[in-house]
Asks: 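Before we start, here is the structure in question, set down as structure tokens.
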Amino acid sequence: MKKLHIVLLGIAILLLASCKEEVEKPKVIYDATNKAKATAKIDSIQVAISDLPIQMEGTSYLIHPIADLRVYERGSKARYGSSSVIDLSFTISNYGENEITGYLQNLKFQRTDSDSISALTDKPALILTATYLKSVSDRAKKQVMVYTMFDLDTNKDGKLDTSDIKCLYLSDISGKKFTKISAGFQELIDWNLIESKNRLYFRTVEDTNKNGQFDKNDVVHYNYVDLSNGEWKVSSYEPI
């Protein structure tokens, strides 16, 4: 019985250590000057594909979701064109009411009366949501898209993924005027549209103690953008 207790205690310690290591994995790695650096590498074994285009109601643009198709071969090595591949899916996005979701590397935009297609960004990106603010279009005659995404390899692990800092962007319905509105190296918490004021409110948290994590000791920032104003100026406010 004593040996069993020792074994169980050892397993518990290993599990606690594993959980602690996972929880404490930093989202930001700082260099010697205490400034964060972030450069994402492009995986050369990825193949980009597009879903069929989507047209938001009342707009004159088609949106083409772009993401990487990953094909896996038995034995855990990735190859393309192999007869032994498994778990292959050509669907890379989902479309709900005025919102595209997925793990997208880009979006491309095309006017319905044109064959020309332009990309949202020419930099590495991981886009989680792309939301068309239809109510703002109806009220303020401004056709605005909102993106939650990752744009920097903030933890410096050589890849862009959900372990990095999430940020907030805007663009118009053509994909032009692509603008980051959350501050650099501040983690996006959430955003909300107040339709009556045509304002996009959002919260971010700043790693003020520079420990590479976001916790209760850091500072939460409260901001909004007046979407009826074409400049998309970020204003802060203090509800607390």
Asks: Got a sec: does the CG of Asp115 have more than 12 other heavy atoms crowding it under 6.0 Å?
Replies: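 No.
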Asks: How long is the gap from CD1 on Ile49 to CG on Asp68, to the nearest 0.5 Å?
Replies: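 It is 9.0 Å, given to the nearest 0.5 Å.
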Asks: Would you say NZ of Lys180 has more than 12 non-hydrogen atoms from neighbouring residues, nucleotides or ligands within 6.0 angstrom?
Replies: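 For Lys180, atom NZ is crowded (more than 12 foreign heavy atoms under 6.0 Å).
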Asks: Any link between Phe150 and Leu188 through a network of hydrophobic side chains (Ile, Leu, Val, Met, Phe, Trp, Tyr) touching at under 4.5 Å?
Replies: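 Hydrophobic grouping puts Phe150 apart from Leu188.
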Asks: Please assess Asp226 against Arg199 for the test salt bridge (charged side-chain N to carboxylate O under 4.0 Å, His left out), listing each intermediate value before the final yes or no.
Replies: CA-CA 5 Å; Asp226 182 358; Arg199 283 184 179 180; 5.6 Å; no
Asks: With no hydrogens and no angle check, is any side-chain donor or acceptor of Gln143 less than 3.5 Å from a backbone partner on Lys134?
Replies: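 No: the side chain of Gln143 does not pair with the backbone of Lys134.
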Asks: Looking only at the side chains, is there a donor atom on one of Ser182 and Thr204 sitting less than 3.5 Å from an acceptor on the other?
Replies: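 Per modelled atom types, Ser182 and Thr204 side chains form no pair under 3.5 Å.
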Asks: Ignoring hydrogens, what is the shortest heavy-atom contact between Thr154 and Asp164? Give both atom names and the distance.
Replies: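 Answer, listing the atom of Thr154 first, then Asp164: N-OD1, 3.1 Å.
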Asks: Evaluate the side chain to side chain donor-acceptor pair (under 3.5 Å) criterion for residues Tyr147 and Ser171: first the C-alpha distance (whole Å), next the side-chain angles of each, then the deciding distance (0.1 Å), finally the verdict.
Replies: CA-CA 8 Å; Tyr147 309 89; Ser171 82; 2.7 Å; yes
Asks: Step by step, would you call Ile100 with Ile127 a side-chain contact (heavy atoms from CB on, under 4.5 Å)?
Replies: CA-CA 10 Å; Ile100 304 168; Ile127 303 168; over 6 Å; no
Asks: Check whether Glu187 reaches the backbone of Lys166 with its side chain - one donor and one acceptor, N or O, closer than 3.5 Å.
Replies: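 It does hold such a pair.
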Asks: Any sub-3.5 Å donor-acceptor pair from Ser60's side-chain atoms to Arg111's backbone N or O?
Replies: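 Checked: no pair found.
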Asks: Examine Tyr237 together with Tyr201 and report whether their ring centres are nearer than 6.0 Å.
Replies: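 That pair passes the under 6.0 Å test.
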Asks: Could you walk me through whether Asp161 and Tyr103 satisfy the side chain to side chain donor-acceptor pair (under 3.5 Å) test, starting with their C-alpha distance in whole Å, then the side-chain angles of each, then the deciding distance to 0.1 Å, before giving a yes or no?
Replies: CA-CA 9 Å; Asp161 56 25; Tyr103 294 93; over 6 Å; no
Asks: Using every non-hydrogen atom in the two residues, find where Ser163 and Lys27 come nearest and quote the distance to one decimal.
Replies: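 Nearest heavy atoms, Ser163 then Lys27: O-CG, 3.4 Å.
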Asks: Do Asp207 side-chain atoms and Val28 backbone N/O form a donor-acceptor pair below 3.5 Å?
Replies: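 Side chain of Asp207 to backbone of Val28, a donor-acceptor pair under 3.5 Å: no, none is there.
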Asks: Report the distance from atom CD1 of Ile165 to atom CG of Leu152, rounding to the nearest 0.5 Å.
Replies: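 If we round to the nearest 0.5 Å, Ile165:CD1 and Leu152:CG are 8.0 Å apart.
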Asks: Going by atom types only, do Thr131 and Glu99 share a side-chain donor-acceptor pair under 3.5 Å?
Replies: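 Distance-only check passes for Thr131 and Glu99.
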Asks: Do Phe202 and Tyr224 have ring centroids that are under 6.0 Å from one another?
Replies: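 No - the distance between ring centres of Tyr224 and Phe202 does not fall below the 6.0 Å cut-off.
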Asks: If we ignore angles and hydrogens, is there a donor and acceptor under 3.5 Å between the side chains of Asp51 and Tyr95?
Replies: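 No - no donor-acceptor pair under 3.5 Å links their side chains.
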